[in-house]
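Just below is one structure, and these are the notes that go with it.
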Amino acid sequence: MNNRRNLDQDRFLAFHREMLRIRALEETALEGLRQGLVLGAIHPSIGQEAIAAGVAGQLRRDDILLSTHRGHGHTLAKGADPEAMMRELFGRQGGNCGGKGGSMHIADFSVGMLGANGVVGANIVIATGAAHAIRLHGDDRIVACFFGDGATNRGPFLEGLNWAAVFDLPVLFICEDNGFAATTRTADLTAGPGPAARAASFGIAAESIDGNDITVVAEAAETLINRVRQNRKPAFLHARTYRLTGHTGADPATYRPATEVEQAWQDDPIARSRALLDAAGVDSDVFDAMDRAVAAEMKQVFEAARAAPWPDPAEGLTDVLDARAPEVA
Amino acid sequence: MNNRRNLDQDRFLAFHREMLRIRALEETALEGLRQGLVLGAIHPSIGQEAIAAGVAGQLRRDDILLSTHRGHGHTLAKGADPEAMMRELFGRQGGNCGGKGGSMHIADFSVGMLGANGVVGANIVIATGAAHAIRLHGDDRIVACFFGDGATNRGPFLEGLNWAAVFDLPVLFICEDNGFAATTRTADLTAGPGPAARAASFGIAAESIDGNDITVVAEAAETLINRVRQNRKPAFLHARTYRLTGHTGADPATYRPATEVEQAWQDDPIARSRALLDAAGVDSDVFDAMDRAVAAEMKQVFEAARAAPWPDPAEGLTDVLDARAPEVA
Amino acid sequence: MAEMTYAAAGAAALAETMDADPTVWALGEDLGRGGVFGQYAGLEARFGAERIVSTPISEAAIMGVGVGAAMTGTRPVVEMRFADFALCATDELINQAAKARFMFGGQTRVPLTVRMPVGMWRSSAAQHSQSLEALYTHIPGLVVMMPATPADNHAMLKAAIQSDDPVVYLEHKNLWPMTGEVPDSAAPYSIGTAGVAREGRDLTIVTWSATLHDVLAAADRAAQSGGADIEVLDLRTLWPWDKARVLESVRRTGRLLIAHEAVVVGGFGAEIAATVAEELHADLKAPVRRIGAPRLPIGYAPTLENEIKLGPDRLDAAIVRMMS
Amino acid sequence: MAEMTYAAAGAAALAETMDADPTVWALGEDLGRGGVFGQYAGLEARFGAERIVSTPISEAAIMGVGVGAAMTGTRPVVEMRFADFALCATDELINQAAKARFMFGGQTRVPLTVRMPVGMWRSSAAQHSQSLEALYTHIPGLVVMMPATPADNHAMLKAAIQSDDPVVYLEHKNLWPMTGEVPDSAAPYSIGTAGVAREGRDLTIVTWSATLHDVLAAADRAAQSGGADIEVLDLRTLWPWDKARVLESVRRTGRLLIAHEAVVVGGFGAEIAATVAEELHADLKAPVRRIGAPRLPIGYAPTLENEIKLGPDRLDAAIVRMMS
Ligand SMILES: Cc1ncc(C[n+]2csc(CCOP(=O)(O)OP(=O)(O)O)c2C)c(N)n1
Ligand SMILES: Cc1ncc(C[n+]2csc(CCOP(=O)(O)OP(=O)(O)O)c2C)c(N)n1
Ligand SMILES: [Mg+2]
Ligand SMILES: [Mg+2]
């Protein structure tokens with residue numbers, strides 16, 4: 001474990017807070033699931049927060065981000081309002097998508113977050129398209145595209161990466177390698193040396209890192225974000241992590257030994273970040289205050305979402321086609 | 001150029017004859033196109049015959065082969081009857097597919113040739129499936145799957161290669177790299193070091209060779225076919241060549257300089273094979289006899305195809321579904 | 001006779017065909033764990049990982065491998081997890097599986113079963129809820145089947161696997177836990193035959209999949225209220241559909257309503273409506289009508305999902321309208 | 001007024017919108033060389049390779065890039081080369097492009113035009129001949145357009161590119177060389193409006209795309225022979241279709257025949273037939289009928305292709321039948 005005492009405290013306290021917020025948001029959502037308030041499936045990213053905070057947290061607000069079914073952390077770190085997110089998970093008015101999308105389609109276009117996706121790997125080509133549009137606009141935004149290790153076995157992975165490399169597009173591809181694709185160990189069904197080697201076969205510079213060490217993630221992300229912004233070429237970050245929960249909020253994940261999970265908790269990115277900041281001399285009062293603030297924020301979010309009204313059924317017929325409104329037959 | 005005098009003459013004369021037959025078959029088909037006898041598009045493989053002869057010609061009859069839109073050579077070298085092929089190209093009775101398929105769907109299941117395909121890259125996953133079936137049957141057949149350089153940019157390339165590697169399937173993937181994808185230079189739209197590197201990123205052993213030297217092709221193919229048959233794992237052969245004609249029989253290919261094509265004719269695999277056999281001391285009478293025999297064969301093929309009747313329209317309604325015949329409304 | 005769930009009936013059907021025919025095998029994501037809905041529970045333990053194959057997330061390969069393996073002497077059962085994801089493998093299904101027999105002039109057969117769970121289920125929203133049977137009924141070379149009960153899931157899945165032509169087999173996610181009798185020695189299901197789920201004299205309702213149960217409930221309400229004596233036909237196979245049976249019923253009742261969960265516009269109900277309106281033009285006491293989803297992606301919130309679902313109110317109103 | 005081909009009219013429409021709006025661009029294989037059918041001829045030279053983008057053979061990426069770029073302030077025109085190959089990008093079109101506006105609650109729009117050449121053309125066989133419009137008319141979130149003349153290809157393509165919703169734009173391969181007047185200052189095409197290609201009193205024929213011309217010829221023959229005075233409606237937009245116009249015509253003539261090249265079973269004709277049969281039940285002098293292709297992959301040999309095509313004999317017979 002990285003143990004630098006000369007940490008930039010303000011910077012890493014901010015990352016730490018972001019990780020705490022992500023964890024708290026998802027634990028709040030899981031509580032909502034237990035209470036029947038979250039309606040559809042949710043895929044928690046508990047254990048993977050360092051990647052969301054370290055990458056998405058360093059993007060500019062006008063940069064673009066595309067995410068996955070496991071996208072709450074990316075969305076929050078990009079600047080989305082957690083209350084709007086919780087309302088969306090509860091299917092209520094004031095949700096980011098007006099209750100039309102839910103967790104798997106969470107999006108906040110106002111902060112450049114162009115959507116989670118219910119289809120594994122689908123966002124890789126869409127992100128590439130957003131970057132192609134930026135190239136046409138000629139500005140200096142970049143696109144960050146998250147996907148899981150399992151997504152590297154889908155065709156759009158090849159088509160999107162090749163395209164981004166051929167057209168010199170400003171995309172940072174981030175593979176969150178949590179070792180699992182649903183109930184299956186990804187390594188069992190993925191041939192070859194891994195995601196970074198696949199990226200390299202398209203001539204895309206790729207880096208593999210410990211995705212549970214916020215200092216490592218933050219440094220790699222900063223470098224790659226800057227490089228993509230300057231060079232206008234894709235880059236690839238392969239971040240190893242572990243999914244501490246089941247695949248969905250309802251999955252007990254009995255297909256893996258309890259000891260493995262206990263072991264993995266030793267590597268919890270938030271505990272590691274806390275240890276680093278402790279070692280750097282941050283006072284425990286600071287953490288207590290931060291914990292309280294985050295808890296208060298998410299409690300308010302939960303209550304507001306629970307109190308929010310359902311979408312008006314008439315709203316359900318909007319946002320389809322300008323040319324003809326849908327008719328109920 | 002490889003210039004071995006100690007060539008196994010019988011073996012390489014057989015390859016030479018096969019290349020001549022492929023060339024003659026396609027020139028006959030092009031004549032048929034000019035005369036309006038070939039109905040749909042055809043994609044000649046003139047200039048690429050060494051790969052077809054050297055690879056497909058060394059498969060066992062019960063091995064399986066899947067091909068591309070540019071598949072006449074593979075099909076003939078696998079043992080298909082050229083008359084049935086020409087009848088198919090002319091859309092006549094007695095064609096391999098009864099006139100239902102044409103050039104882009106040429107197939108001869110009796111010799112293990114499971115089809116050309118009108119969709120670039122589609123046969124990669126189908127070939128993988130054939131190999132998966134062989135694995136289930138537990139016999140020692142192998143599958144040879146041909147595709148072009150352009151096909152390496154389609155998703156099924158990734159999905160099929162990963163699958164074949166994960167499940168240890170006996171497939172030999174052969175990328176015929178003729179430098180072009182239709183009217184575009186493939187290199188301009190293909191990122192990274194190339195097909196072999198892509199294959200290697202799935203842990204598949206890959207070899208890049210001069211695909212216009214029949215001795216090189218034959219040796220590599222023999223080694224890889226044996227290895228796949230014994231190891232029951234995929235292998236990848238990347239064979240460089242050049243498409244001496246246009247993309248289709250009707251394409252004048254004006255998008256590339258005439259000098260480039262003239263240059264490429266210097267590298268004609270048949271001329272090179274002839275030079276090798278000359279150098280090895282084969283008498284010119286042997287070639288004259290061979291040329292005459294091949295010309296006679298293809299003349300007969302042409303005449304028989306031209307004389308063949310059209311398929312009975314009622315035949316057109318068969319081979320669809322057992323459960324219900326199609327009705328004309 | 002055994003009482004079992006729709007999911008278990010599917011597993012039993014697969015197990016029986018695998019017992020009887022060593023060339024039958026299944027492939028899809030997470031099958032080793034029993035599949036997402038438990039419809040493969042216990043099968044890996046029984047048949048091994050060579051015949052119950054857990055695959056990478058590679059839908060194009062899952063389908064394409066199925067096609068190639070079907071042309072090479074095996075009978076693959078392909079699992080698409082959600083019908084929505086089958087759209088990642090459309091070329092393999094529509095351009096390859098459906099056409100191989102014909103375009104190769106009968107040299108090959110493609111005995112492939114493609115299972116695609118459909119339907120609205122627990123706020124699954126736009127990409128996990130679609131009923132897309134109409135895409136496949138339009139495609140030459142495909143058989144399309146949609147079982148509505150455990151017994152049918154058992155008999156029909158066996159028939160699908162035994163079919164020498166490719167079958168798109170759509171199970172409804174809301175039906176997985178439904179229990180029912182599954183006869184041990186039922187007659188084999190004959191592809192293309194509808195079931196008479198309820199006899200009646202005044203109105204024929206043609207339906208399929210989970211909607212059958214909503215329609216049966218509505219028919220009971222109509223009977224109770226004295227509104228109408230309704231005949232309910234469960235189509236079961238959409239292509240080829242049981243035209244003779246439907247025409248016979250409508251000839252008697254003079255009225256036809258078609259009810260399905262899928263979008264009405266361009267849904268398979270249109271084919272039935274157009275056919276019956278043409279063939280029985282003179283015999284109809286009322287115009288043929290269709291009821292189903294608006295042309296609208298499926299929303300997440302229940303208030304939005306409910307707008308799309310065929311609830312009791314919409315069904316009852318449609319019946320009243322048919323009878324008035 | 002200028003006389004130009006259907007292909008050139010498409011190129012002109014694209015050029016005009018590109019001139020007017022710098023965010024319009026096109027992407028697809030071999031576009032730099034003018035496209036497979038010359039429908040992009042001269043555009044790379046005029047607008048540069050940055051806006052007329054020649055792409056790898058990556059249909060999923062072509063479509064997916066189109067979706068992402070459409071959500072990021074541009075108006076991409078995606079070229080699929082053959083409608084058959086669009087099946088390599090179905091997830092991107094149906095699950096992504098069609099749903100993004102709705103599932104993100106109106107936060108985004110997807111102003112994407114997807115060009116897909118359709119139809120039987122020079123013995124192209126099973127994988128290069130399909131007319132698949134019915135797959136898309138069924139999908140919420142998609143507009144579907146099929147121009148039948150050079151003038152319409154010009155006006156309709158402009159309207160498609162200007163649409164803020166995704167448009168599936170199906171051009172017919174047999175029409176590329178067809179010439180016709182393309183008015184310089186035509187009124188903009190309004191999506192969803194049909195054209196009256198011929199007025200008549202006895203029978204309405206609704207059709208679209210290349211079949212329009214076959215139907216017009218048949219209508220002329222019928223007029224000559226005194227068989228019937230036929231009104232021909234060119235639907236032009238399939239979704240939303242011009243229901244008002246069709247109903248108005250059928251109300252007058254009392255007879256409706258729908259003719260299209262696509263497979264009849266589950267074709268879009270079924271939607272029109274079902275709707276009209278329902279709404280005008282009492283006004284019809286004859287049952288609504290449909291004519292088109294059998295549910296059969298398309299064969300290569302002309303004797304087989306002809307079995308599928310809507311030739312003059314089949315059209316004339318259908319008209320006679322409608323009038324008898
Ligand atoms: C195309 C497609 N196939 C299958 C699924 C079902 N599915 C949802 S998440 C998931 C696992 C994805 O694994 P990975 O990409 O590693 O992401 P993770 O869940 O680990 O974050 C699967 C198989 C899907 N949503 N889309
Ligand atoms: C999926 C798909 N996209 C596009 C095409 C049109 N097309 C036919 S051949 C071809 C070029 C293929 O290039 P390559 O794979 O290198 O094979 P080659 O023609 O050089 O033998 C293209 C683009 C197609 N048939 N299928
Ligand atoms: Mg994972
Ligand atoms: Mg090539």
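Each chain gets a letter, A, B and so on, in the order its sequence line appears, and its residues count up from 1. Keep in mind that what you see is a predicted model, and the values were worked out from it rather than measured.
With rounding to the nearest 0.5 angstrom, the CG atom of A:Leu161 is 10.0 Å from the CG atom of B:Leu158.
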What do the steps show when you test B:Asn153 against A:Phe202 for side chain to side chain contact (heavy atoms under 4.5 Å, CB included), and what is the final call?
-> CA-CA 10 Å; B:Asn153 289 330; A:Phe202 305 109; over 6 Å; no

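A:Arg154 and B:Asn162 are not linked by any side-chain donor-acceptor pair at a separation below 3.5 angstrom, with hydrogens and angles left out of the test.
Listed here is the closest heavy atom pair of B:Glu159 and A:Gly155: OE2-N, 2.6 Å.
Of the atoms belonging to B:Ala200, it is backbone heavy atoms, and not side-chain ones, that fall under 4.5 Å from chain A.
Interface summary for chain B: among A:Gly192, A:Ala197, A:Ala191, the most heavy-atom pairs under 4.5 angstrom belong to A:Ala191.
The number of heavy-atom neighbours closer than 6.0 Å to CD of A:Glu260, taken from other residues, nucleotides and ligands shown, is above 12.
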